[in-house]
Participant: 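First the structure, which I've put down as structure tokens, then a few questions once you've had a look.
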Amino acid sequence: MSEGVEWVLINLDEKMAKRQGLPPQIPVPKDEFEGLADKGLPTAKARKWCSDFLNNSEIGKNSAWRKKNQKFVVAMESFLDTGPLWDKAQKAFAENDFEKAISTLKRITVQSEDDHAAKLNLASAYANSQQYEPALKLFKQIRETYAGDPEFHVAVGHVHLRMANKDEATNEFVLALEAKPDNQAALDALAQLGVLVKIYENPRDATSLLFVRADSVKDYLVGEWEKPLEGGAERDASFFLEQLAYHEREKRWDVALAAAERAAKAAGDGPHRERAELAKIGALRNLSQFEESLSAAKAYAEAAPKSAGAQVELARSYAAAGQVDEARAAIERALEIDPGDLGAIVLKFWPDDPNDIKQMNERVPALQAFVDAHASSPGAVRSLARAYLVVGREPEALELFEKAVTLAPADDDLRSEWWTELAKQQKWDDIIKNASTLGDMKTRDWRLRWNEAEAYQGLGRQVEARACFSAINFDENLHVDIRRRAKRAVASLNETPPPMPGMAGPG
């Protein structure tokens, strides 16, 4: 700049100056002063102006002015001297060389005690190198300067979190949210601590993600469910069954119970009634409300005498109440109604630990005899296939899965389990061959579509795999987490080797 530039000396707010590591007074060219409020004050530009002012302006070079304003001059000169050190520190951070960053930032804090930006970065470097005590000491020194800054509170909170100071960490993250209610880092941290819970109000809509206090999830959701829809319509059974399935997966049994009760009421005597009633019984049992579970199971078993599922839930509720003989009788009634009920077969024939190979081998003959007596039941054949997998008889298990699929060709859940086991054996061609017999896959369960995409990927047919994963990603009827998985799968097709087989899995 020329010596003819007119300068305006502006006094900075003390906290702002400390936060940015600026001197308390900054020279600004008069023709840039008016736009300062809109453009802000970048540190690099502030250094250039200080240098030009001290070295080139008549005022800055005037010895009398310098003597009279010695404090400001020293602050500006120190600010200029630390510029190269800041560049060095930033380079060290970029290279994850925290030792070099620490030594460099220490020099800055020695030269400029009021440079709280340097202290903040030094605390961060300490934290990144797992030196938590000195990090906290620095955070304490600059707390008054940064109080109310959400990023500051998040940084302090994470240090407390790593030191297992959960109460202090929680307080910091709460302060961050008070300053910025949508601060994602604070929300995620409080979810990690169990203070908040992530939920989707609509499991198919990514934009419906919100955070709710862990002790208020049920109250919040029930409150939302009870609000009338546009036009005064009420939510139907399908809505509550979707909520039920979502919260069952997340093991939020109190919410699942509330959804099941509302689904049963909305279903009336319709086809959704059984699913809702059985889920209600299971939720009560998972909430350790055993008397209520048994009472509900008895009532529904009486109301639905042809429901094998009702007898299975009754058996489970009897067992939870310690009534073993009654439980066994209910299992027998379930198998009389439906010899292929998977739950009843497991309760009767499988060991308590389904992964105990020795016990399973001992149980297989009885299960085999039962299946031989009910060879046309896809559920019975499927259960034997699963038992064979446990004891290491994979080829026979695959044959049984194929037989079960032949008996129930419309059961996508069953077919997906078969395809998943084929994938574990890397029998990709068998999956594609079977898929070609199904017609339009868009109408089938997402797990089948995932199995198909995985098979194409396993065969190196990237174009077909990408198309299948993309179709899942764009299917708005699917849970948002499934769609995100599919999106990640598309992105990784050209970046990583094929995934471990069986990602979709049964269930």
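Just so it is clear, the model here is predicted, and its values are computed rather than measured.
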Participant: With a 4.0 Å cut-off on N to O distance, would you call Asp254 and Lys218 a salt bridge?
Facilitator: no
Participant: Assess whether a salt bridge exists between Glu226 and Arg235, defined as any Lys/Arg side-chain N lying under 4.0 Å from an Asp/Glu carboxylate O.
Facilitator: no
Participant: Ion pair present between Arg204 and Glu476, side-chain N to carboxylate O less than 4.0 angstrom?
Facilitator: no
Participant: Please report whether the ring centroid of Phe139 lies less than 6.0 Å from that of Phe152.
Facilitator: yes
Participant: Do Tyr220 and Glu201 meet the criterion of a side-chain donor-acceptor pair at a distance under 3.5 Å?
Facilitator: yes
Participant: How about Glu291: does its CD atom have over 12 heavy atoms from other parts shown lying under 6.0 Å from it?
Facilitator: no
Participant: With a 4.0 Å cut-off, would you call Arg213 and Asp219 a salt bridge?
Facilitator: no
Participant: Regarding Lys106 and Glu99, does a basic nitrogen lie under 4.0 Å from an acidic carboxylate oxygen?
Facilitator: no
Participant: Check the pair Phe469, Trp450 against ring pair (Phe, Tyr, Trp, His ring centres under 6.0 Å), reporting the backbone distance first and the verdict last.
Facilitator: CA-CA 7 Å; Phe469 282 129; Trp450 191 286; 5.0 Å; yes
Participant: Are a donor atom and an acceptor atom from the side chains of Ser51 and Asn55 found within less than 3.5 Å of each other?
Facilitator: yes
Participant: Using the ring of Phe79 (Phe, Tyr or Trp, six-membered ring only), decide whether Arg47 places NZ or CZ under 6.0 Å from its centre and within 45 degrees of its axis.
Facilitator: yes
Participant: Mind checking whether His479 and Tyr200 have ring centres under 6.0 Å apart?
Facilitator: yes
Participant: CD/Glu452 to CG/Leu448 distance, rounded to the nearest 0.5 angstrom?
Facilitator: 9.0 Å
Participant: Is the closest side-chain heavy-atom distance between Asp205 and Val480 below 4.5 Å?
Facilitator: no
Participant: Are Lys18 and Glu14 ion-paired here, with the side-chain N under 4.0 Å from a carboxylate O?
Facilitator: yes
Participant: Is the Lys NZ or Arg CZ of Arg386 less than 6.0 Å from the centre of Phe401's six-membered ring, within 45° of the axis?
Facilitator: no
Participant: Could you grab the distance from atom NZ of Lys71 to atom CE of Met76, nearest 0.5 Å is fine?
Facilitator: 12.5 Å
Participant: Hey, is Lys180 close enough to Asp182 for a salt bridge, meaning N to O under 4.0 Å?
Facilitator: yes
Participant: Kindly compute the distance separating CZ (Phe239) from CG (Asp236), expressed to the nearest 0.5 Å.
Facilitator: 9.0 Å
Participant: For the residue pair Val312 and Leu347, what are the closest heavy atoms and their distance?
Facilitator: CG1-CD1, 4.1 Å
Participant: Taking atom NZ of Lys119 and atom CG of Asp114, what is their separation to the nearest 0.5 Å?
Facilitator: 7.5 Å
Participant: About how many Å separate CD1 of Ile345 and OG of Ser383, when rounded to the nearest 0.5 Å?
Facilitator: 4.5 Å
Participant: Rounded to the nearest 0.5 Å, how far apart are CG of Asp13 and CE of Met16?
Facilitator: 7.0 Å
Participant: Is Lys91 salt-bridged to Asp97, cutoff N-O under 4.0 Å?
Facilitator: no
Participant: Side chains of Asn183 and Glu151: do they bring a donor and an acceptor to under 3.5 Å?
Facilitator: yes
Participant: Check whether more than 12 heavy atoms from other residues, nucleotides or ligands sit under 6.0 Å from atom CD of Glu224, and answer yes or no.
Facilitator: yes
Participant: Charged N to carboxylate O under 4.0 angstrom, Glu394 versus Lys424?
Facilitator: no
Participant: Between Asp445 and Arg449, is there a side-chain N and carboxylate O pair less than 4.0 Å apart?
Facilitator: no
Participant: Would you give me the side-chain donor-acceptor pairs under 3.5 Å for residues 192-199, sequence neighbours excluded?
Facilitator:
{"unit_1": "Lys198", "atom_1": "NZ", "unit_2": "Asp188", "atom_2": "OD1", "d": "3.3"}

Participant: Got a sec, which pairs hit ring pair (Phe, Tyr, Trp, His ring centres under 6.0 Å) with one end in residues 155-189, sequence neighbours left out?
Facilitator: His158-Phe173
Participant: Evaluate the ring pair (Phe, Tyr, Trp, His ring centres under 6.0 Å) criterion for residues Tyr126 and Phe98: first the C-alpha distance (whole Å), next the side-chain angles of each, then the deciding distance (0.1 Å), finally the verdict.
Facilitator: CA-CA 8 Å; Tyr126 276 133; Phe98 298 116; over 10 Å; no
Participant: Regarding Thr82 and Ser112, is there a side-chain donor-to-acceptor distance under 3.5 Å anywhere?
Facilitator: no
Participant: If you count the non-hydrogen atoms of other residues, nucleotides and ligands that lie under 6.0 Å from CZ in Arg393, is the total more than 12?
Facilitator: yes
Participant: Between Glu144 and Lys15, is there a side-chain N and carboxylate O pair less than 4.0 Å apart?
Facilitator: no
Participant: With a 4.0 Å cut-off on N to O distance, would you call Asp149 and Arg19 a salt bridge?
Facilitator: yes
